**Q** 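I have a structure I would like to understand better, so I am pasting it below and will then ask my questions one at a time.
As the structure is a computational prediction, the values presented were derived from the model and not from experiment. We name chains A, B, ... by the order of the sequence lines, and we start the count at 1 in each one.
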Protein chains: 2
Amino acid sequence: MPKSAVPVSATALPSPFRNKAEREQDRADKRAAVLLAAVRMFNARGYHAASLDDVAASLGVSKPTIYHYLGNKEQVLVECVNRGLSMLRDAADAAARAPGSGHDRLRAFLLRYACINMDDFGRCVIRTNEELLSMDSAIQFRARKREIDDAVRGMIAEGIADGSIAPVDIRFASFALAGALNWPARWHDPDGPMSPAEVAEKLVDIALGGLTPRG
Amino acid sequence: MPKSAVPVSATALPSPFRNKAEREQDRADKRAAVLLAAVRMFNARGYHAASLDDVAASLGVSKPTIYHYLGNKEQVLVECVNRGLSMLRDAADAAARAPGSGHDRLRAFLLRYACINMDDFGRCVIRTNEELLSMDSAIQFRARKREIDDAVRGMIAEGIADGSIAPVDIRFASFALAGALNWPARWHDPDGPMSPAEVAEKLVDIALGGLTPRG
DNA sequence: TAATCAATATACCCATGGGTAAATAAAATA
DNA sequence: TATTTTATTTACCCATGGGTATATTGATTA
């Protein structure tokens, strides 16, 4: 065994001296931590009642630190909402590429949708009303939510076309599904006995019942 | 025609001099006007973003006038919420006394429920999160909402017993229905083309589809 | 007519909290 | 070693808005 092979484990030891890539990672980690603390505070108290001082205190830092990693309060909220929307968007894309009938794909998507809505950032999407945002942000927000809704409507339409879904009013079916699966963002307790996945399955089964063709 | 009959119309003329009953009525009217202005402001901007100064200004009065007719800001909100809850409660009681199968009664109630949720005070019930309230008010609020939910569950149970509703999980069925029918409080536009009654009927049909026994 | 009460306004107090300027310390780079 | 950059703090500014003390006016009642 050549001598030069030995120091590998030594150089791999955790070092307090970070190189450039590590520093960028540190920064990203801190940014993510700020965002998570903020979204939890927003969800627990509501946007207006959650102060940045409290968010900072929950991380053991001071308020300007938040401004160092993210912009002003609205930008923090927008970033939280965008995280949630991206998760939903990814789920919709995955469902669109998945095999199976329209009903199957819709069901798979809705299970994921409901789980996201019970998670930190998804919850924030549901609980954020447009009135909280500036005009520009509200327009973008609406557009991104609309994309998700269009994906749902598309899946319903395909299901109707392939006979796996009853010929319902597509617009109202998507509203009803969204309502049923958004609502847990308000009542589900993450520390309670039921996991998001369990809740999601129960709700999706009931909500989809109304769209299933009758024997 | 005796002379004494003529002055009747004269004494019935609108007079600026109000008697005691009329003064009490005036007061009640003003109180109601303040409440309506407040609930609309709360619904449009959210509780925290709606200032009492603005509510007062929208009525052409000053802030202390609000304190004269109602208490502090939280009391105004509580009163708005209670109005909405009373409407829902009345609807639940009426449905419980109505004839027909469990499914019929549930359907009639849900139509009313959905409409109330699109009205000023019902909207406020949906949009008011417990975090906005003091501990005491939140406990009362939860209890009153629970009454409504219990009524829904009772109707579902009766429907299952009489065979008009499929044997679903009662708890989750009530959650799913509530979600689907609460959601319009967020998106329905009172000035839009669809009336609350139309929206209600479409949504109830789809939402109840999942609870209907299969042929 | 005097005393009281109801309705309303003006003018204020003050806590909260978003946002920033400026200082410091530590590390990275030249 | 000198300079710059990054991370973070302390200390502050100031607008908003809930809430109140007090004055005013006009009607009610004794």
**Q** Produce a footprint string for nucleotides 6-11 of chain C: one letter per nucleotide, 5' end first; B if the base is under 4.0 Å from any protein heavy atom, S if only the sugar-phosphate is, - if neither.
**A** -BBBB-

**Q** Suppose we screen for side chain to side chain donor-acceptor pair (under 3.5 Å). Which residues come up paired with B:Glu130, at least two apart in sequence or across chains?
**A**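 Side chain to side chain donor-acceptor pair (under 3.5 Å) check on B:Glu130 returns B:Arg142.
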
**Q** Between A:Ser86 and A:Arg144, does any side-chain donor sit less than 3.5 Å from a side-chain acceptor?
**A** yes

**Q** Between atom CD1 in A:Ile66 and atom P in C:dT20, what is the gap in whole Å?
**A**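 One finds 14 Å between P of C:dT20 and CD1 of A:Ile66, rounded.
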
**Q** Rounded to whole angstroms, how far apart are NE2 on B:His48 and C1' on D:dG17?
**A**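 So the NE2-C1' distance, B:His48 to D:dG17, works out to 12 Å.
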
**Q** Taking C-beta and beyond as the side chain, do B:Leu52 and B:Met41 meet within less than 4.5 Å on heavy atoms?
**A**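 No, their side chains stay 4.5 Å or more apart.
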
**Q** Is there side-chain contact between B:Phe172 and A:Val199, with at least one heavy-atom pair below 4.5 Å?
**A**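 SC-SC contact between B:Phe172 and A:Val199 confirmed.
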
**Q** In plain terms, say whether A:Asp26 and A:Lys30 are close enough for a salt bridge, that is, a side-chain N and a carboxylate O under 4.0 Å apart.
**A**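 Answer for the salt bridge query: no.
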
**Q** Is A:Asp93 salt-bridged to A:Arg97, going by a charged N under 4.0 Å from an acidic O?
**A**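 No salt bridge links A:Asp93 with A:Arg97.
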
**Q** Provide, to the nearest angstrom, the distance between the OH atom belonging to B:Tyr67 and the C1' atom belonging to D:dT20.
**A**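 Taking OH of B:Tyr67 and C1' of D:dT20, I get 9 Å after rounding.
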
**Q** Output all residues satisfying side chain to side chain donor-acceptor pair (under 3.5 Å) with A:Glu79, sequence neighbours left out; order by chain, then residue number.
**A** A:Arg31

**Q** Enumerate the ring pair (Phe, Tyr, Trp, His ring centres under 6.0 Å) contacts for residues 60-90 of chain A, please, sequence neighbours excluded, ordered by first and then second residue.
**A** none

**Q** Using a cut-off of strictly less than 4.0 Å between a heavy atom of the residue and any atom of DNA chain D, enumerate the qualifying residues of residues 34-45 of chain B by number.
**A** none

**Q** Could you tell me, to 10°, how much the axis swings from one end of the helix from C:dT4-D:dA27 to C:dA30-D:dT1 to the other, five pairs per end?
**A** 20°

**Q** Would you call the rings of B:Trp183 and A:Trp183 parallel, tilted or perpendicular, taking 30° and 60° as the class edges?
**A** perpendicular

**Q** Taking the side chain as every heavy atom from C-beta outward, state whether A:Arg83 and A:Val39 have any pair of such atoms under 4.5 Å apart.
**A**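 When only atoms from C-beta onward are counted, A:Val39 and A:Arg83 do not touch, as no gap falls below 4.5 Å.
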
**Q** When you measure from every atom of DNA chain D, which of residues 51-58 of chain A have a heavy atom less than 4.0 Å away?
**A** none

**Q** By the ring pair (Phe, Tyr, Trp, His ring centres under 6.0 Å) test, which pairs, at least two apart or in different chains, include something from residues 106-136 of chain B?
**A**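 Qualifying pairs: B:Phe109-B:Tyr113.
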
**Q** Counting only heavy atoms and a strict 4.0 angstrom limit, can you tell me which residues of residues 70-78 of chain B come near DNA chain D?
**A**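 The stretch gives B:Asn72, B:Lys73 as the residues lying under 4.0 Å from the strand, ordered by number.
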
**Q** Holding to salt bridge (charged side-chain N to carboxylate O under 4.0 Å, His left out), I want the full list of residues that pass it with B:Asp119, two or more places apart in sequence or in another chain.
**A** none

**Q** Not counting sequence neighbours, which residues clear ring pair (Phe, Tyr, Trp, His ring centres under 6.0 Å) with A:Tyr47? List them please.
**A**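 Scan of A:Tyr47 (ring pair (Phe, Tyr, Trp, His ring centres under 6.0 Å), adjacent residues dropped) gives A:Phe42.
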
**Q** I'd like to check the side chain to side chain donor-acceptor pair (under 3.5 Å) partners of A:Arg105; sequence neighbours left out, ordered by chain and number.
**A**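 Expected list: A:Glu158.
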
**Q** Just by distance, with hydrogens left out, do A:Gln25 and A:Asp29 show a side-chain donor and acceptor under 3.5 Å apart?
**A** yes

